[in-house]
Number of protein chains: 2
Amino acid sequence: MNEAVVTILQGNGIQPSAQRVAVGEYVLRTEDHPSADQVWAAVRERFPMISRATVYNTLNLFVEKKLLRELILAEGRIVFDPNLGPHHHFIDEESGAILDVPWDAVSVDRVETLPGMDVREYQVVMRGRRRAH
Amino acid sequence: MNEAVVTILQGNGIQPSAQRVAVGEYVLRTEDHPSADQVWAAVRERFPMISRATVYNTLNLFVEKKLLRELILAEGRIVFDPNLGPHHHFIDEESGAILDVPWDAVSVDRVETLPGMDVREYQVVMRGRRRAH
DNA sequence: ATACAGTGTTAGACGTAGTCTAAAGCCATG
DNA sequence: CATGGCTTTAGACTACGTCTAACACTGTAT
Ligand SMILES: [Mn+2]
Ligand SMILES: [Mn+2]
Ligand SMILES: [Zn+2]
Ligand SMILES: [Zn+2]
């Protein structure tokens, strides 16, 4: 059992069962933005007997305990993001891949002054094509 | 049959059947961002025999013909937006309501300069609470 | 008038992502 | 051991969207 993950879970009031650590080992470290079923597939490679319900339960628990964020950017799938700091997202329309865009790469102004809206959080969602740079 | 809607449909190469006009009368004029089933409910009040499949077919046709945009901002529902110009969105976390934010109410910079990303379109997605203003 | 073709509508089956349920397993404590 | 509280599990269930295949409508050709 990965001690670093065990420590994170304990530090957030989560009993570190073998299944939860296996899910955490993948989803808390990925650079990706995987869906629940992608997490299930990835975790099953090393922990083949884990059930789908446990993966969903664990992901929802991690969201509740603020180890993950849920993003809803594309049709038919919720994706999970272990990058908790403020950042933006770029969606490659060709592959569906979701890329992080650093908070300071884009500048956004006047969000605080919108009449009638108390903005708790915001992000820029960009869509387009990836290209060589 | 609403002549204004008939004209819009014809102008976009869509045969103005009674069902399509009924859907258009609601969804092309709403200030809301309704889901397909909300559209179905609204249209059925005046056209009770319309089928769910026709509403979905019609909405998808309107999207294809660029009379509507699809937005994916919340869990478990695609919503439709007849406001075609560039604008941002604010989601009231209490009610789930989606409000338009005028393009110029917020300023966004440096989106064009992101390395490796060809941004075709973008918007700011804000979440928070509505309040009196 | 009738036949026919092309388009549009319909009910209901289907696919699929996510949730729920109820039983079984695990583990600490007495 | 026995008990109690979590946790996991398989599979049922729900909800949104799509697909299918039959039926209806409309306009044109005969
Ligand atoms: Mn969730
Ligand atoms: Mn669609
Ligand atoms: Zn991210
Ligand atoms: Zn809008």
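So you know, we letter chains A, B, ... as the sequences are listed, proteins then strands, and number each from 1. The basis for the numbers below is simple: all heavy atoms, side chains too, and nothing from hydrogens, waters or symmetry mates.
A side-chain donor-acceptor contact under 3.5 Å links B:Gln38 to the backbone of B:Ser35. Of the possible polar contacts, one joining the A:Arg110 side chain to the B:Asp104 backbone as a donor-acceptor pair under 3.5 Å is found. Checked by atom type and distance alone, the side chain of A:Arg20 never pairs as donor or acceptor with a backbone atom of A:Ile14 at under 3.5 Å. Under the 3.5 Å distance criterion, the side-chain polar atoms of A:Arg69 are matched with a main-chain donor or acceptor of A:Asn83.
The shortest distance between the side-chain N/O atoms of B:Tyr56 and the OP1/OP2 oxygens of D:dG17 is below 4.0 Å.
Residue A:Asn60 is in sugar-phosphate contact alone, with no base atom involved, counting any heavy-atom pair closer than 4.0 Å across all strands shown. Using a 4.0 Å heavy-atom cutoff across all strands shown, B:Ser17 reaches sugar-phosphate atoms only and no base atom.
Atom CE in B:Met1 sits roughly 13 Å away from atom C1' in C:dG8 (whole-Å rounding). Rounded to whole Å, atom C1' of C:dC27 lies 14 Å from atom CZ of A:Arg20. Rounded to an integer number of Å, the gap from A:Arg52 CZ to C:dT16 P is 11 Å. If you measure from atom CG of A:Leu61 to atom C1' of C:dG18, you get 17 Å, rounded to the nearest angstrom. Taking atom CD on A:Gln19 and atom P on D:dT7, their separation rounds to 11 Å, with Å as the unit. In this structure, the CG atom of A:Leu59 is 10 Å from the P atom of C:dG18, given to the nearest Å. Look at CD1 on B:Ile50: it is 17 Å from P on C:dG12, rounded to the nearest Å. Rounded to whole angstrom, the span from the CG atom of A:Leu9 across to the P atom of D:dT7 amounts to 11 Å.
Of the candidate nucleotides C:dG8, C:dG18, C:dT10, C:dG8 has the atom lying nearest to any side-chain atom of B:Gln15. In this structure, of C:dT19, D:dG17, D:dT8, it is D:dG17 that holds the atom nearest to the side chain of B:Ile78. The side chain of A:Thr54 sits closest to D:dT8 out of D:dT18, C:dG18, D:dT8.
Among residue pairs with one or both ends in residues 26-77 of chain A, those qualifying as ring-ring contact (aromatic ring centres under 6.0 Å, His included) are A:His33-A:His89; sequence neighbours excluded.
Comparing B:Ala18 and A:Gly76 against DNA chain C, the residue whose closest nucleotide sits nearer the 5' end is B:Ala18.
Near-neighbour residues of DNA chain C inside residues 28-42 of chain B, defined by a heavy atom below 4.0 Å, are absent.
Taking the charged nitrogens against the carboxylate oxygens, A:Arg130 and A:Glu94 have no contact shorter than 4.0 Å, which rules out a salt bridge.
The two residues B:Val21 and B:Asn2 make their nearest non-hydrogen contact at CG1-N, 4.0 Å.
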